[in-house]
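Values below: all heavy atoms of this structure, side chains included; hydrogens, waters and symmetry mates excluded. Small disclaimer: the values here were computed from a predicted structure and weren't measured.
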Amino acid sequence: MLSVMLKIIRRHSEADPQCTLEIMYVTVMDNIFLLVLVTLLSVVQNVFFALKVEKECTGQHSKHHSAVFERLSCANRNCMDTYPTFLAVLWCAGICLSQAPAAFSGIIYLVVRQKYFVGYMGQTCQSTPGFLFGKRILFFLSLMCVVGIINHLLLTYGDSDYKEYIQTITKAASTLLLLP
Amino acid sequence: MLSVMLKIIRRHSEADPQCTLEIMYVTVMDNIFLLVLVTLLSVVQNVFFALKVEKECTGQHSKHHSAVFERLSCANRNCMDTYPTFLAVLWCAGICLSQAPAAFSGIIYLVVRQKYFVGYMGQTCQSTPGFLFGKRILFFLSLMCVVGIINHLLLTYGDSDYKEYIQTITKAASTLLLLP
Amino acid sequence: MLSVMLKIIRRHSEADPQCTLEIMYVTVMDNIFLLVLVTLLSVVQNVFFALKVEKECTGQHSKHHSAVFERLSCANRNCMDTYPTFLAVLWCAGICLSQAPAAFSGIIYLVVRQKYFVGYMGQTCQSTPGFLFGKRILFFLSLMCVVGIINHLLLTYGDSDYKEYIQTITKAASTLLLLP
């Protein structure tokens with residue numbers, strides 16, 4: 001990160017406003033590019049789900065197919081209903097605290113969602129609709145937001161800045177999500 | 001805000017790039033932390049709604065329960081359909097103009113939504129589905145975005161910067177939303 | 001852009017932290033105001049769709065009307081299901097690469113959505129539900145994100161910065177979306 005800034009400063013003279021702009025841009029990108037990647041992955045997954053539903057819908061209209069379509073469409077709806085919530089929490093956690101653990105949790109969430117969708121597609125009709133899968137991950141991301149805000153308030157009104165300690169702890173804690 | 005910046009500058013030497021990064025981070029957090037709080041509250045409310053629906057769904061399947069579930073599920077769907085719109089307008093208004101009135105309107109919106117959901121759950125089936133509750137709040141937030149953009153264009157192509165006057169007026173106007 | 005910064009610098013002394021804050025704010029606004037405009041337009045369109053559905057719903061409950069309501073409600077649902085995906089891709093593309101082509105694609109997407117909704121409202125019931133309209137636009141926006149991230153990684157780990165060339169190419173390519 002710092003090496004890029006030095007590279008940019010070397011290219012321009014330091015008092016040049018264009019230089020300030022470039023440094024700002026690089027800094028912003030550096031803090032969000034993992035989040036953008038996870039968002040892109042989730043978009044690809046959404047498109048995959050939608051194509052599955054569309055394919056089933058235009059298939060033969062036998063009685064069996066209709067039941068499968070019903071199930072698929074329901075699974076898709078449940079996924080779509082929690083999607084804005086997931087995106088909001090992911091980006092807030094990534095910006096408030098640190099992006100690496102947030103992006104890692106995001107990827108785990110996508111894996112859980114894939115499993116949920118494929119399970120729903122299978123022959124066994126799940127009795128619980130499961131509006132909320134991945135509750136643990138959403139909770140972890142929310143916790144990250146809260147910790148980030150508390151840290152910011154401590155920095156503004158108090159004197160202490162625990163950000164680096166918290167980031168280290170969060171990175172370690174995010175691996176705990178891998179436990180089944 | 002400025003006191004924090006001076007604190008940071010005192011800790012580093014001013015020419016240190018790390019110092020610039022820290023100041024940027026604090027500034028960004030200072031301009032969004034209320035929005036993050038409102039977003040978190042709305043996520044908690046979403047989870048509350050989803051749990052209500054899930055609980056009703058796994059309950060006994062008598063005829064009465066089925067009607068209640070239908071109503072609950074419909075209320076939840078209406079809330080979820082407007083959720084991305086709400087989030088988009090909230091963040092745009094908060095970033096373009098000023099975060100305090102935007103966050104305040106957001107909290108009022110959440111209260112209205114809670115009332116709507118609980119009313120829907122009650123015994124009286126509402127005749128109007130009400131896809132759009134809180135129209136006034138969404139309109140106010142959109143207006144804030146438009147004013148913010150016009151102010152930015154005036155600053156870029158003209159010479160004048162009315163931002164501080166507008167922010168004061170907006171703060172006063174946002175309390176008008178409390179009128180029933 | 002640079003002229004605004006010079007104006008601000010002239011007003012304050014350059015070492016004043018308030019000056020840095022104002023420059024940061026103007027820079028951020030300059031990079032997102034087109035995206036905010038497109039978001040606002042999409043919100044207005046959402047409200048238009050919702051009002052259409054609500055109006056039809058509270059109308060007479062003849063058999064013909066019920067079929068129209070069913071179709072309208074379905075079209076609205078399909079639009080709402082892809083809305084968060086669209087917003088996420090639009091903003092990521094706008095921030096990662098450049099806002100003008102992203103906003104332009106966004107407006108084309110809104111036109112396509114309007115056509116889709118009006119077509120659905122008409123007498124002919126479409127056989128394909130079309131969960132995914134505007135696939136080409138979503139693909140183009142995703143591509144912009146990926147190119148932006150690759151460029152950032154090249155800048156960080158390599159030495160080259162192709163951003164300006166890519167932005168020119170993207171602007172030219174975005175007009176290709178106008179082809180039917």
Q. Given the rule in the side chain to side chain contact (heavy atoms under 4.5 Å, CB included) test, do A:V47 and C:F139 qualify, once you have shown the distances and angles that lead to the verdict?
A. CA-CA 10 Å; A:V47 170; C:F139 179 72; over 6 Å; no
Q: Tell me the residues of residues 37-44 of chain A whose non-hydrogen atoms fall below 4.5 Å from those of chain C, in number order.
A: A:L37, A:T39, A:L40, A:V43
Q | Those residues that, when tested against C:F49, pass side chain to side chain contact (heavy atoms under 4.5 Å, CB included) (two or more places apart) | A | C:Q45, C:N76, C:C79, C:R113, C:Q114, C:F117
Q.
Within the structure provided, determine whether C:R77 and A:R77 are in side-chain contact (heavy-atom separation under 4.5 Å).
A. yes
Q) When rounded to the nearest 0.5 angstrom, what distance separates CD1 in A:I32 from SG in C:C92? A) 7.0 Å
**Q.** Contacting moiety of A:M29, where chain C heavy atoms sit under 4.5 Å
**A.** both
Q: Name all residues meeting the side chain to side chain contact (heavy atoms under 4.5 Å, CB included) criterion together with A:Q167; count only those two or more places apart in sequence or in a different chain, and write none if there are none.
A: A:S98, A:K163
Q. What are the two closest non-hydrogen atoms of C:P84 and A:L87, and how far apart are they?
A. O-CD1, 4.5 Å
Q) Rounded to the nearest 0.5 Å, how far apart are CE of A:M80 and OG1 of C:T85? A) 5.5 Å
Q: Hey, could you give me the OH/OH distance between C:Y83 and A:Y83, rounded to the nearest 0.5 Å?
A: 13.5 Å
Q. Is there any side chain to side chain donor-acceptor pair (under 3.5 Å) pair reaching into residues 137-150 of chain A, and which pairs are they, with sequence neighbours excluded?
A. none
Q. Do C:H152 and A:D30 have side chains that get closer than 4.5 Å, going by heavy atoms?
A. yes
Q: Measure C:I95 against the heavy atoms of chain A and call it side chain, backbone, both or neither at under 4.5 Å.
A: both
Q | Contact class of A:F33 relative to chain C, heavy atoms under 4.5 angstrom | A | both
